[in-house]
Student: 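Questions regarding the structure given below will be posed in turn.
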Amino acid sequence: MSTMTNMWEQTAAMAKQHEQQGGVWLKLVNDGDTAVVVFLGEPHPRDVVYLDNKFVPFDEKLRAQGHKSSLRVALNVAVYGTREVKVMEQASTFFTNLFQVRTKYGLEKWAFEVKRHGAANDPKTTYSILPECQLSSEEQQAFQALSLHDLPKLYAAEAAAATSSTPTGTSSSAKAGEPVDVKLAQAIATALKALPREAVDRFLQKFAVQRIRDLPASKGELARAFVDSLVAEYSAESVADVDPFGS
């Protein structure tokens, strides 16, 4: 019985890990969720406002409407166990704590455990950042060689997708229901054909389609950015697999 229970717990933990690591974003959704990551690259800060259950870029129009901005910071992180590069977005408090950790430990030499403290949608949620294990020199080189997501480009693609999917009239509403442009669909298909089946499955799962031509036009640019990130990710893996001493 104990063995059976243990397997249930192990499987549940694996399911949670896959849920957290699906797609580009690394999300810790529930109280106690953790991830062991290596922080990579430069932070990408944004002034945003939380509207309609999402963060949108802060501008003068929103300022005139009386809204106040808050800071969100995106970071490239590599999952320690798989070396898969994800994007983690957090508030300014998290970044302040991370900056202190960076000052004390240095981010290049350590894998850190990030743990959520707070239930889903709890505004008082906090995150702890603790050193998990020190990286060997070989591990440091391997993590620093990973290809990173282009954060400004990623957010620009999401903003474009959000704008194009918002009906502003008959023509915009009709466009939201149209399939993706044929040339863009062909370009995406060509890029995905060169990648492992796993990458194709991740693409189809992220955009909830069974065929590339079923992709809505409103998500075309976001899909293009996601494919670019997949190409970079799997290209980095291929380079890492090359034996430098092979003949």
Side-chain angles (χ1 to χ4, degrees), residues 20-27 35 37-51 54-59 62 69-79 82-92 94-95 98 107 143-166 175-176 179-196 198-209 212 215-240:
Q20 293 171 355
Q21 297 176 9
V24 173
W25 307 96
L26 179 62
K27 298 180 179 180
V37 300
V38 177
F39 292 95
L40 301 171
E42 301 293 325
H44 177 62
R46 299 188 304 146
D47 282 321
V48 297
V49 173
Y50 193 69
L51 292 174
K54 61 183 177 182
F55 290 102
V56 298
F58 184 68
D59 56 22
L62 292 172
S69 68
S70 60
L71 180 67
R72 300 289 293 179
V73 181
L75 300 147
N76 275 288
V77 298
V79 179
T82 64
R83 297 187 184 178
E84 187 175 11
V85 179
K86 299 289 186 178
V87 178
M88 176 181 288
E89 182 181 277
Q90 294 287 353
S92 58
F94 179 91
F95 179 76
L98 180 63
L107 300 183
F143 278 108
Q144 293 303 318
L146 295 174
S147 295
L148 307 184
H149 296 289
D150 187 329
L151 299 179
K153 183 177 179 180
L154 180 63
Y155 279 102
E158 287 213 334
T163 301
S164 62
S165 64
T166 301
K175 183 178 180 181
V180 69
D181 177 75
V182 174
K183 291 184 178 180
L184 179 55
Q186 291 175 343
I188 291 174
T190 300
L192 288 175
K193 284 180 180 179
L195 300 178
E198 175 192 2
V200 180
D201 290 340
R202 285 171 56 187
F203 176 89
L204 297 177
Q205 180 181 9
K206 177 175 178 61
F207 294 98
V209 295
I212 296 172
L215 188 73
S218 62
K219 296 184 179 180
E221 291 305 314
L222 182 60
R224 186 204 300 270
F226 184 65
V227 169
D228 289 344
S229 70
L230 288 175
V231 171
E233 176 183 329
Y234 284 92
S235 295
E237 289 183 0
S238 298
V239 172

Student: Checking Q186 now: which residues fulfil side-chain contact (heavy atoms from CB on, under 4.5 Å) with it, not counting sequence neighbours?
Tutor: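 With neighbours one apart ignored, the set is V182.
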Student: Taking side chain to side chain donor-acceptor pair (under 3.5 Å) as the definition, give me every residue that meets it alongside D150, ordered by chain and number, with sequence neighbours left out.
Tutor: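 D150: no side chain to side chain donor-acceptor pair (under 3.5 Å) contacts found.
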Student: What I'd like to find out is whether the side chain of I188 reaches to under 4.5 Å of the side chain of L215, using heavy atoms alone.
Tutor: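 A side-chain contact under 4.5 Å exists here.
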Student: How far apart are the closest heavy atoms of D228 and K153, and which atoms are they?
Tutor: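 So the two residues come closest at OD2-NZ, 2.9 Å.
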Student: Heavy atoms, side chains only, cut-off 4.5 Å: are V85 and H149 in contact?
Tutor: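 Yes, their side chains come closer than 4.5 Å.
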Student: With side chains defined as the heavy atoms from C-beta onward, is the minimum distance between V73 and Q90 less than 4.5 Å?
Tutor: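 They are not in contact (no side-chain heavy atoms under 4.5 Å apart), so the answer is no.
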Student: Could you tell me the separation between the CZ atom of R224 and the CG atom of L184, rounded to the nearest 0.5 Å?
Tutor: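 If we round to the nearest 0.5 Å, R224:CZ and L184:CG are 4.5 Å apart.
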Student: What residues form a side-chain contact (heavy atoms from CB on, under 4.5 Å) with V200, not counting sequence neighbours?
Tutor: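 Listed in chain order: L192, R197, L204.
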Student: Please enumerate all residues that pass side-chain contact (heavy atoms from CB on, under 4.5 Å) together with A191, with sequence neighbours excluded.
Tutor: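 V227, V231.
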Student: Less than 4.5 Å apart, any side-chain heavy atom of L98 and any of L75?
Tutor: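 They are in contact (side-chain heavy atoms under 4.5 Å apart), so the answer is yes.
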Student: Does any part of the side chain of H44, heavy atoms only, come nearer than 4.5 Å to the side chain of L154, both counted from C-beta?
Tutor: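 No; the side chains remain at least 4.5 Å from each other.
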Student: Indicate the atoms forming the closest heavy-atom contact of A185 with V180, along with that distance.
Tutor: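 Scanning both residues, the minimum pair turns out to be CB-CG1, 3.6 Å.
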Student: Please enumerate all residues that pass side chain to side chain donor-acceptor pair (under 3.5 Å) together with E89, with sequence neighbours excluded.
Tutor: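 E89: side chain to side chain donor-acceptor pair (under 3.5 Å) contacts with R46, R72, Y155.
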Student: Partners of F226 by ring-ring contact (aromatic ring centres under 6.0 Å, His included), sequence neighbours excluded?
Tutor: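 Scan of F226 (ring-ring contact (aromatic ring centres under 6.0 Å, His included), adjacent residues dropped) gives F207.
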Student: Please say which of L151, L26, L148 ends up in a side chain to side chain contact (heavy atoms under 4.5 Å, CB included) with V87.
Tutor: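 Checked L151, L26, L148 against V87; only one passes side chain to side chain contact (heavy atoms under 4.5 Å, CB included): L151.
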Student: For residues R83 and L146, report the shortest heavy-atom separation together with the two atoms involved.
Tutor: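 Scanning both residues, the minimum pair turns out to be O-CD1, 3.6 Å.
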Student: Heavy-atom distance under 4.5 Å between the side chains of F58 and V48, does that happen here?
Tutor: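 With C-beta onward as the side chain, the pair stays apart.
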Student: So, using side-chain contact (heavy atoms from CB on, under 4.5 Å) as the criterion, who are the partners of S92 when residues are at least two apart?
Tutor: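 Here the qualifying residues are L71.
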Student: Specify the closest pair of heavy atoms between S69 and D47, including all atoms of both residues, with the distance to one decimal.
Tutor: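 Distance-wise, the nearest heavy atoms are OG-OD1, 4.1 Å.
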